[in-house]
Amino acid sequence: MSLEQNIYDLRKQKLGQIEALGQPAYPNQFRFTHQIPEILSAYTASTGEELEANKPQVAIAGRLMAIRLMGKASFAHLQQQGEKLQIYIKKDAVGEKQWELYKLLDIGDHIGVKGYLFRTRTGELSVHVEEITFLSKDLLPLPEKFHGLTDVELRYRMRYVDLLDVEVRQVFVKRAKIVQSIRRFLDARSFVEVETPMMQPIAGGAAARPFVTHHNTLDIDLFLRIAPELYLKRLVVGGLDRVYEISRNFRNEGVSTRHNPEFTMLEFYQAYANYHDLMDLTVEMLQQVAMDVNGSLKSQFGEGEIDWSNFQRLSMREAIIKFWPAEAGEAPTMEAFKSDAEIEQLVRRLQKTKFSVPYDPREPAGRAIADIFEAVAEAHLWQPTIIYDFPLAISPLSKNKASEPDFVERFEIYVAGMELGNAFSELNDPEEQRRRFEQQLGERERGDDEAHQMDEDYIRALSYGMPPTGGEGIGIDRLTMMLTGSTSIRDVILFPQLRPEKRDEEAAPEGESAK
RNA sequence: GGGCGCGUAGCUCAAUUGGCAGAGCAACUGACUCUUAAUCAGUAGGUUGUAGGUUCGAUUCCUACCGCGCUCACCA
């Protein structure tokens, strides 16, 4: 019999004894007067003398996180919503039977207490308990009180235990505030929040491999969406000039500290706006969110500090020039990007250094420009930076720049060396869209299974006329990482994707007798 | 998928060159009516991730597998 099983059985016995004392094992409610955070904020200013004079009566509930027993009196901490309040139980004050009950409690149990507020000799606000109500038993031991759970696998698998750690909890509270703040920002500007299909017959709107699922009655395969993009633009065609959606996308790709197979994205579309309008809107939105969440335009991330007050803006080509590594010789000029031969030369020069840049002569030169950018510039983009004017070759849904047809009106936001957002003036010429899809089909033929598929209904929608529109996607998980200082995406997703846990055949904690 | 690293009591971590597997917290028993990582005395708790191999002897060395982390590649 394992130790864990021992503790489980012991605590079940205690639960039986608690019932024998007349308290139900699993009562169905507790009427409290305050939540613990309310008490802490309402009485911080009250002195011991004031409390002594008024003896404010309170009833509170929470989880027991520490017990310090001294014979016939005891202090303990109750935790609720990530905050702790001390309680003081004295045998004289609660009586024989309640004292017996108290001694049957374990760390991790939920209880409710009634009593009055006072300050201890050391000045800590505490509840002088007059009555204990048993609420729920913790049958399994909590992690070590000082270090908590540090095994990240256990943390992610047993988030219900991990969340008792106040700092872990705080990350997810902040995540909720981020989403709240984004909604407030967009709602105030007349955006309409919508929900579009998660299960799509054609997975479009991004370059990624989808998950496949099956509908039994219709007997068709469906794809979990990789982006809501094409549906949201159909809505703009239909006259929802300003729409947004915050929801999950699914991409059947590797997992890493920056990637989870399901992740949350904000996408929004604004009719009659171009990508420059979106740049301004984005800066304003991210600054509001940072203030709402942290009360500051600075946030700590890893070794450094992110300063959201200042967004650098560079074109992709300018960024390549700016961050061109000395070991690869003279930095290119803007002119160099106009010639396919010169672009190939740039790649060749980089390939002689530590920078690995793929090159495929069958691919359009624009792809090479993007690859060069990723190799030399991306890692430098630690402070918030807007990179604009992307090559047409990697942007099948963006509008061409009028002055430079090989480039499109697209930008991405980079923070802490990561992509945070992606935006563009939306391509609304249905015939050009058809040509782009056909070109993507060509790449599919050549083996790129992330290339975009043909979507006839989307082209039909554009044929009814979409106003000039700017659209943008922002990764909520990544934004949460940046604003909470979490260097792994798994720390901002409650239940990140892990391999299924393998269970041993040993007896389950329910305690079935062994065969 | 490639490379590097990790896996020891419920939790956090030790263990000399390959030589009796240990501590703190949690648990249990006892003492203690203002403690706060409470304190003090005692008790119990282990198939060292799994399976092989080398060896008189393996937590330690080797191989494979499982799980996790970091990193590279793809992407947001």
Side-chain angles (χ1 to χ4, degrees), chain A residues 1-11 13-14 48 65-77 84-94 99 106-108 118-124 126 128 138-158 161 205-209 226-227 248-267 356 358 371 374 378 394 412-415 418-422 448-450 472-479 481 487-490 496 498-502 504 506 509:
Chain A
M1 183 188 278
S2 71
L3 174 61
E4 198 165 15
Q5 183 69 55
N6 259 331
I7 291 175
Y8 189 97
D9 291 342
L10 258 162
R11 292 190 176 189
Q13 280 175 28
K14 287 186 186 173
M65 295 305 284
I67 296 173
R68 295 179 289 279
L69 181 69
M70 298 154 299
K72 297 186 179 62
S74 176
F75 285 94
H77 271 118
K84 294 188 182 80
L85 179 62
Q86 184 170 259
I87 60 175
Y88 178 57
I89 300 100
K90 201 160 64 158
K91 189 176 178 185
D92 294 349
V94 296
W99 187 248
D106 289 294
I107 287 172
F118 75 111
R119 283 195 186 274
T120 62
R121 272 178 207 158
T122 54
E124 181 167 345
S126 309
H128 194 286
D138 174 13
L139 295 168
L140 292 169
L142 289 180
E144 201 241 17
K145 67 182 168 190
F146 198 60
H147 298 93
L149 275 184
T150 61
D151 180 330
V152 289
E153 182 189 356
L154 283 182
R155 288 189 41 219
Y156 302 146
R157 287 199 197 283
M158 301 206 294
V161 173
R209 286 205 302 270
I226 55 175
R248 221 70 64 79
N249 291 340
F250 307 87
R251 299 191 182 173
N252 207 339
E253 288 158 357
V255 298
S256 77
T257 42
R258 294 181 294 278
H259 303 269
N260 195 61
E262 52 180 307
F263 64 100
T264 303
M265 194 143 89
L266 159 69
E267 280 204 17
S356 66
D371 289 336
E374 278 182 31
E378 204 174 287
I394 57 161
E412 291 198 351
I413 307 151
Y414 286 85
V415 183
M418 281 187 280
E419 285 175 59
L420 174 62
N422 181 18
D448 181 358
D449 52 4
E450 294 187 354
E472 178 164 339
I474 290 182
I476 298 296
D477 314 274
R478 295 244 177 117
L479 181 58
M481 290 168 70
T487 50
S488 169
I489 201 167
R490 296 187 191 106
L498 302 173
R499 242 170 258 272
E501 186 174 12
K502 66 159 198 239
D504 304 334
E506 67 182 346

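Throughout, protein chains are lettered first and strands after them, A, B, ... in sequence-line order, and every chain is numbered starting at 1. All values derive from a computational prediction rather than experimental measurement.
Between A:W99 and A:V94, the shortest heavy-atom contact is N-CG2, 4.0 Å. Here the closest non-hydrogen pair linking A:L420 and A:L479 is CD1-N, 3.6 Å.
Within the nucleic acid shown, A:G475 has no heavy atom closer than 4.0 Å to any nucleic acid atom. Contact annotation for A:G473: no contact, since no heavy-atom pair falls under 4.0 Å across all strands. Residue-level contact check: A:N252 touches neither bases nor backbone, having no heavy atom under 4.0 Å from any strand.
Spacing between B:G2 and B:U59 at atom C1', rounded to whole Å, works out to 30 Å. The C1' atoms of B:G18 and B:A27 are separated by 35 Å, rounded to the nearest whole Å. With P as the reference atom, B:G22 and B:G3 are 38 Å apart, rounded to whole Å. Using C1' as the reference atom, B:U16 and B:U71 are 33 Å apart when rounded to the nearest Å. Comparing the P positions of B:G19 and B:G57 gives a spacing of 14 Å, expressed to the nearest Å. Only the C1' atoms considered, B:C11 is 24 Å distant from B:C70, to the nearest whole Å. Atom P of B:U33 sits at a distance of 45 Å from the matching atom of B:G49, rounded to the whole Å. Only the C1' atoms considered, B:C25 is 24 Å distant from B:C68, to the nearest whole Å.
For A:T257 and B:U71, the shortest distance from a side-chain N or O to OP1 or OP2 is below 4.0 Å. Put simply, A:R121 has no side-chain N or O that comes within less than 4.0 Å of OP1 or OP2 on B:C34. Phosphate contact (OP1/OP2 of B:C70, side-chain N/O of A:R490, threshold under 4.0 Å): present. Considering only side-chain N and O atoms, A:K14 lies under 4.0 angstrom from the phosphate OP1 or OP2 of B:C28. An OP1 or OP2 oxygen of B:C68 is reached within less than 4.0 angstrom by a side-chain nitrogen or oxygen of A:R157.
Distance CH2 (A:W99) to P (B:C32): 12 Å, rounded to an integer number of Å. Atoms CG (A:D151) and P (B:G7) sit 11 Å apart, rounded to a whole Å. Taking atom CG of A:L420 as the reference point, atom P of B:A76 lies 12 Å away to the nearest angstrom. Protein atom NE2 of A:H128 is 15 Å distant from nucleotide atom P of B:U33, rounded to whole Å. The CE atom of A:M70 sits 14 Å away from the C1' atom of B:C40 (whole-angstrom rounding). Atom pair A:L149:CG and B:C68:P shows a separation of 16 Å (rounding to whole Å applied). With rounding to whole Å, A:I7 atom CD1 is found 10 Å from B:C11 atom C1'. Between A:M418 atom CE and B:C74 atom P there is a gap of 17 Å when expressed in whole angstrom units.
By the 4.5 Å heavy-atom criterion applied to side chains, A:M65 and A:L142 are counted as neighbours. At least one side-chain heavy atom of A:I7 sits under 4.5 Å from a side-chain heavy atom of A:R11. Proximity of A:F263 to A:R248: side-chain heavy atoms (C-beta onward) are nowhere separated by under 4.5 Å. Looking at heavy atoms from C-beta onward, A:N422 lies in side-chain contact with A:E412 at the 4.5 angstrom threshold.
Distance from the side chain of A:R68 is smallest to B:U35 among B:U35, B:C74, B:A76. The A:F118 side chain lies nearest to B:C34 when the options are B:U33, B:C72, B:C34. When distances run from any side-chain atom of A:P141 to the nucleotides B:C68, B:A76, B:A26, the shortest one goes to B:A26. Comparing B:C34, B:A76, B:A27 by their closest approach to the side chain of A:L10 singles out B:A27. Checked against B:C34, B:A27, B:C68, the side chain of A:I107 finds its nearest nucleotide in B:A27. For A:K72, taking side-chain heavy atoms from C-beta onward, the closest of the listed nucleotides B:G69, B:U33, B:C11 is B:U33. For A:S256, counting side-chain heavy atoms from C-beta on, the closest listed nucleotide (B:G10, B:A73, B:C68) is B:A73. Listed nucleotides: B:C11, B:C74, B:G67. Nearest to the side chain of A:L154: B:C11. Comparing B:C28, B:A38, B:G69 by their closest approach to the side chain of A:D106 singles out B:C28.
Where A:P143 and A:T120 each meet RNA chain B at their nearest nucleotide, the meeting point lying more 5' is that of A:P143. Looking at which nucleotide of RNA chain B each of A:K90 and A:E253 is closest to, the 5′-most match is held by A:K90.
In this structure, A:I67 CD1 and A:D106 CG are separated by 6.5 Å, a value rounded to the nearest 0.5 Å. Here the NE2 atom belonging to A:H77 is positioned 4.0 Å from the CD atom belonging to A:E124, to the nearest 0.5 angstrom.
Judged by centroid separation below 5.5 Å and plane tilt below 30°, A:F263 stacks onto the base of B:A76.
Proximity of a side-chain donor or acceptor of A:S126 to a complementary backbone N or O of A:R119 within less than 3.5 Å is not detected.
Scanning atom types as modelled, no donor and acceptor separated by under 3.5 angstrom connect the side chain of A:T150 and the base of B:U12. The base of B:U35 has none of its N or O atoms less than 3.5 Å from a complementary donor or acceptor on the side chain of A:E124.
Using the six-membered ring where Trp is involved, A:H128 and A:F118 have ring planes that are perpendicular, over 60° apart on the 30 and 60° scheme.
Taking a pair as Watson-Crick or G-U wobble with both distances under 3.5 Å, RNA chain B forms stems of 3 or more consecutive pairs at B:1-7 with B:66-72, B:10-13 with B:22-25, B:27-31 with B:39-43, B:49-53 with B:61-65.
For A:S256, there are no side chain to side chain donor-acceptor pair (under 3.5 Å) partners at least two apart in sequence or on another chain.
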